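Nothing here was measured: the structure is a model prediction, and the numbers come from that model.
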Amino acid sequence: MADTTGPWETDTSPPPHICARTLAGAFAREPAVSWICGSSAAVRHHWFTAVLTTQAALPGARSYTLAGPGGRPAAAAVLTPPAATPPPAARARWAARTLARCGPRALGRTLRYLHSTGARAPGGAWTLEFIGVVPAATGRGAGRLLLDRVIADTPATAGIFLTTADPGNATLYRHFGFGTLRRTTTGPLTVTAMHRPPAPPRAR
């Protein structure tokens, strides 16, 4: 389903491979993905495809792309619901695909990242797994527009949790109401876990 805001068109049900292609471009220089995947664009694409295919199967998971006038996605975001965890069989398929397409280093570093960051969202919070803008579209407001949409679509009684290894992103998220929960070190990365609390109940 798509809707339009100014020059941007938002798709709220893009297939995983479209999100994977967009995010692989958007995260080309992002510290955590670079540490996991190296500099190979093909490895990044396969890595995102494996991850997003697994996350798309979670009940209630949401994904978005934002396309400009040419129709090509310029930004993408993926959000998973509170306490959503792939079943063992799905995790095994993800691991096998990541190992086959990305190699043992990418699989090992992904598992190491997940273990060390302890990606545990506060109770009731949704997890913003990924949000990114392709380099050609940076500075045009696409990221802010998409993050505004993600926040607006999240139930008012729920918060949003995320992790980032990019200090610049942490600064941006603070402008959107996210606060720092903790920082952890994984290899060369300093990972910040952040949370945007739910909106307070309205006075009656």
Side-chain angles (χ1 to χ4, degrees), residues 1-56 58 61-80 101-102 106 110 113 119 126-154 160-178 180 189-196:
M1 188 170 67
D3 55 70
T4 303
T5 303
W8 301 105
E9 183 176 273
T10 305
D11 187 345
T12 57
S13 56
H17 75 276
I18 297 296
C19 286
R21 184 180 66 195
T22 305
L23 289 169
F27 280 69
R29 297 183 181 278
E30 193 274 337
V33 173
S34 296
W35 179 65
I36 291 168
C37 299
S39 60
S40 169
V43 170
R44 274 199 317 276
H45 182 263
H46 289 311
W47 186 84
F48 272 108
T49 299
V51 171
L52 299 188
T53 299
T54 303
Q55 291 175 342
L58 295 172
R62 299 175 180 177
S63 59
Y64 303 79
T65 56
L66 199 65
R72 188 176 180 85
V78 177
L79 193 71
T80 53
R101 298 292 182 88
C102 306
T110 303
Y113 179 94
W126 288 66
T127 297
L128 181 56
E129 304 284 358
F130 302 103
I131 184 167
V133 180
V134 299
T138 57
R140 295 164 54 191
R144 290 176 179 270
L145 180 63
L146 188 54
L147 185 52
D148 275 335
R149 176 60 185 268
V150 168
I151 292 170
D153 284 357
T154 304
I160 303 175
F161 172 80
L162 60 84
T163 61
T164 180
D166 187 330
N169 285 345
T171 299
L172 173 65
Y173 293 135
R174 289 188 189 97
H175 288 300
F176 283 84
F178 287 82
T180 298
L189 306 173
T190 298
V191 183
T192 303
M194 308 186 77
H195 178 237
R196 187 180 193 275

Review point. For the residue pair P135 and T138, what are the closest heavy atoms and their distance?
Key: O-OG1, 2.9 Å
Point to revise | Test log, rule side-chain contact (heavy atoms from CB on, under 4.5 Å), inputs T180 and H195 | key: CA-CA 7 Å; T180 298; H195 178 237; over 6 Å; no
Check your understanding: Is there side-chain contact between V78 and Q55, with heavy atoms separated by less than 4.5 Å?
Key -> yes
**Study point:** Value rounded to 0.5 Å, distance of OG1 in T53 from NE2 in H17
**Key:** 10.0 Å
Review point. Side chains of T163 and M194: closer than 4.5 Å at any heavy-atom pair?
Key: no
Review point. Are F48 and T22 side-chain neighbours, meaning at least one heavy-atom pair lies under 4.5 Å?
Key: no
Check your understanding: Would you call D148 and R144 a salt bridge, using N to O less than 4.0 angstrom?
Key -> no
Review point. Rounded to the nearest 0.5 Å, what separation is found between the OH atom of Y64 and the OG atom of S13?
Key: 10.5 Å
Exercise for review: Check whether any side-chain heavy atom of L147 sits under 4.5 Å from a side-chain heavy atom of L128, and report yes or no.
Suggested key: yes
Review point. Would you say E9 and L66 make side-chain contact, with heavy atoms under 4.5 Å?
Key: no
Review point. Does some side-chain heavy atom of L79 sit less than 4.5 Å from a side-chain heavy atom of F130?
Key: no
Review point. Is the gap between the ring centers of F178 and F161 under 6.0 Å?
Key: no
Check your understanding: Taking the six-membered ring of W126, is NZ or CZ of R62 closer than 6.0 Å to its centre and within 45° of its axis?
Key -> yes
Review point. Where do Y173 and I160 land on the side-chain contact (heavy atoms from CB on, under 4.5 Å) test, with the steps shown first?
Key: CA-CA 11 Å; Y173 293 135; I160 303 175; over 6 Å; no
Exercise for review: Report yes if some heavy atom in the side chain of T110 is under 4.5 Å from a heavy atom in the side chain of W47; otherwise report no.
Suggested key: yes
Practice item. Check for a donor-acceptor pair, side chain of R196 on one end and backbone N or O of F176 on the other, with a separation under 3.5 Å. Key: yes
Practice item. Measure the CG-OG1 distance between L162 and T164 for me, rounded to the nearest 0.5 Å. Key: 7.0 Å
Practice item. Rounded to the nearest 0.5 Å, what's the gap from CD1 on I18 to CG on L52? Could you check? Key: 11.5 Å
**Study point:** R174 atom CZ, neighbour heavy-atom count above 12 within 6.0 Å
**Key:** yes
Exercise for review: Write down the atom of C19, the atom of P14, and the distance for their closest heavy-atom approach.
Suggested key: SG-CG, 3.5 Å
